[in-house]
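Report on the structure given below.
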Amino acid sequence: MKKLFLLFVVSMLAMTGAKAEEPSTLVATLNHEGKMWAFYGKKALIDAYNFAREGDVITLSAGTFTAVNMTKNLTIRGVGMFSDIPTSNSYTALEGYPTITIQNNDSPISFEGLCFLGGVTVENNSSAKRITFTKVRFEGNASYSKTSVVVNPANVYAVFNDCIIYRALQVKGGLLQNCLVEWLRNDKGNDPLSVNNCVIYDFKKYYNRNGYYYGSYINDANLTNTLLIGDGTLVPDWSTYDAYNCVGFSTAADNGTFFAGANESNRMVEDREHFFKDSSALTKNTDQYGDLTGYTLAWLGWYDLNANGHGLYELSDEAAKIYKGNDGTVVGVWGGAYPFNITPSNPRLKKCEIVPKVGTDGKLKVTIEVAQ
């Protein structure tokens, strides 16, 4: 990590090809075969992308950049998908709803440590390919009415690691590991969808007033060690999924079941009021006579990581001892071989200010602060 950071600083000091109208804290750094260029301002990602070639890496500072439609297979990295409370680091955000078209070559295409304020659509004009999102948050804010993530082609293997996806993920084949998803919609692709140590928050079906379908739809997926939260209306006789060592949390009064006809390793939560560590997120609803009508569970996918780095439907200490997956760790995002972690692999730059005017010594003036 230190070697990588030192290389980054040295390269930044040596760059002579960077151009900008004025100093900016928004910086996109392009790495092409060991050579580096810097681009500045809100459209820095667009400028870096236009200059990039297949297989290049673009590293973004903290701040909000304009997203770009991609037809090149690149790696895009940011400082993080949201501010973490212990160090108050800012994050890297992309505005817009870009389309990513995977090309037919061997270069990787991946995103790490950033937030899509709207969402993304993945297309494909090649043979079966892979796209990876690691430690990426899809906010799906009110200005974007589309599904947050749409992966259209059946032959694209989409991998999501430590991601938070608000609104909906629409995908066919691929892998979700330690992710929080509000709505999951999957249909048959070339490969089944594998869902490991995740939380699906709105595991139910319903329709809006215009007759359009909203909610979860699962067809050809394998769920393992996953926490399912919903009203019990989504069951295997309606969707097609295999569940192993999963736990269902029903918000309906009768508790119901998500696992009709599934193997016996799956369980529904009985003591719902003591299941989550953050008990304030759960509201008990009763009628005028005090009889239970159901529960309301708040969406915990925003800035909910507390000072200890926990949240995202973490189980209470008592529940964590009971509801374990097939690997002996707790179900949900905090279990598995690699529990949920927001810190990206590249150095987290809290501050990066570059004066683009090159001095007489051929160097740039750079001010950089790195999170501890």
Side-chain angles (χ1 to χ4, degrees), residues 116 119-122 131-134 136-140 144-154 156-208 212-251 256-260 262 266 268 297 299-302 312-313 325 331-333 335-336 340:
F116 285 89
V120 64
T121 296
V122 178
I131 185 170
T132 301
F133 297 92
T134 302
V136 174
R137 179 166 62 97
F138 298 89
E139 186 170 300
Y144 300 96
S145 59
K146 303 178 181 179
T147 299
S148 293
V149 187
V150 178
V151 183
N152 283 324
V156 169
Y157 193 82
V159 178
F160 296 84
N161 299 305
D162 292 353
C163 292
I164 299 175
I165 304 172
Y166 179 55
R167 297 212 172 171
L169 166 63
Q170 181 177 321
V171 66
K172 294 181 180 177
L175 172 65
L176 275 68
Q177 295 187 120
N178 299 92
C179 293
L180 168 62
V181 182
E182 184 187 23
W183 297 331
L184 175 61
R185 303 169 187 167
N186 115 277
D187 209 336
K188 288 184 178 295
N190 286 9
D191 301 290
L193 177 68
S194 296
V195 182
N196 302 328
N197 279 101
C198 292
V199 174
I200 303 177
Y201 166 72
D202 220 351
F203 197 70
K204 63 184 180 181
K205 61 175 181 178
Y206 61 95
Y207 296 82
N208 74 358
Y212 290 101
Y213 175 79
Y214 287 88
S216 291
Y217 176 86
I218 302 179
N219 185 11
D220 196 25
N222 299 317
L223 282 58
T224 304
N225 301 347
T226 290
L227 173 61
L228 309 174
I229 301 170
D231 61 7
T233 58
L234 190 65
V235 294
D237 62 357
W238 186 80
S239 289
T240 303
Y241 61 89
D242 292 320
Y244 304 93
N245 298 95
C246 293
V247 172
F249 183 98
S250 175
T251 58
T257 180
F258 300 158
F259 309 113
N266 305 291
M268 295 295 296
L297 185 59
W299 167 257
L300 297 181
W302 299 108
L312 306 184
Y313 304 101
V331 297
V333 301
F340 183 87

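Computation of the quantities below employed the complete heavy-atom set of this structure, encompassing side-chain atoms and omitting hydrogens, waters and symmetry-equivalent molecules.
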Test ring-ring contact (aromatic ring centres under 6.0 Å, His included) applied to Phe138 and Phe133, step by step = CA-CA 10 Å; Phe138 298 89; Phe133 297 92; 5.5 Å; yes

Can Val136 and Phe116 be said to form a side-chain contact (heavy atoms from CB on, under 4.5 Å), step by step?
-> CA-CA 8 Å; Val136 174; Phe116 285 89; 3.7 Å; yes

Let me see the working for Leu312 and Val199 under side-chain contact (heavy atoms from CB on, under 4.5 Å), right down to the final yes or no.
-> CA-CA 8 Å; Leu312 306 184; Val199 174; over 6 Å; no

Take Trp299 and Leu180 through the test side-chain contact (heavy atoms from CB on, under 4.5 Å) and record every step on the way to the result.
-> CA-CA 10 Å; Trp299 167 257; Leu180 168 62; 3.8 Å; yes

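The backbone N or O of Asn186 lies less than 3.5 Å from no partner atom in the side chain of Asn219, so there is not a single donor-acceptor pair. Distance alone, capped at 3.5 Å, places no donor-acceptor pair between the Thr226 side chain and the Cys246 backbone. At distances below 3.5 Å, at least one donor-acceptor pair connects side-chain atoms of Tyr201 with backbone N or O atoms of Leu297.
To the nearest 0.5 Å, atoms OG (Ser250) and CZ (Phe258) are separated by 5.0 Å. Between the CG atom in Asp191 and the OH atom in Tyr157 there is a gap of 6.5 Å [rounded to 0.5 Å]. Residue Leu169 holds its CG atom at 13.0 Å from CH2 of Trp183, rounded to the nearest 0.5 Å. Summarising the geometry, atom CG belonging to Asp242 is positioned 5.0 Å from atom CG belonging to Asn222; distances are rounded to the nearest 0.5 Å. One finds the CG atom of Asn245 at 7.0 Å from the CG atom of Asn266 (value rounded to the nearest 0.5 Å). To the nearest 0.5 Å, atom CD of residue Gln170 and atom CG of residue Leu184 are 10.5 Å apart.
With sequence neighbours left out, the side-chain hydrogen bond (donor to acceptor under 3.5 Å, both in side chains) criterion links Asp231 to Thr233.
Minimum heavy-atom separation, Asp162 to Cys179: N-SG, 3.8 Å. The heavy-atom pair separating Asn178 from Cys198 by the smallest distance is N-SG, 3.7 Å. Of all heavy-atom pairs spanning Ser148 and Ile165, the tightest one is CB-CG2, 4.3 Å. Contact record, Leu193 with Leu176: CD1-CD1, 3.7 Å, taken as the closest heavy-atom pair.
By the 4.5 Å heavy-atom criterion applied to side chains, Leu228 and Leu223 are counted as neighbours. For the pair Phe160 and Val149, the minimum side-chain heavy-atom distance is below 4.5 Å.
Tested against Glu182, the residues Ile164, Ile229, Asp202 include a single side chain to side chain contact (heavy atoms under 4.5 Å, CB included) partner, Asp202.
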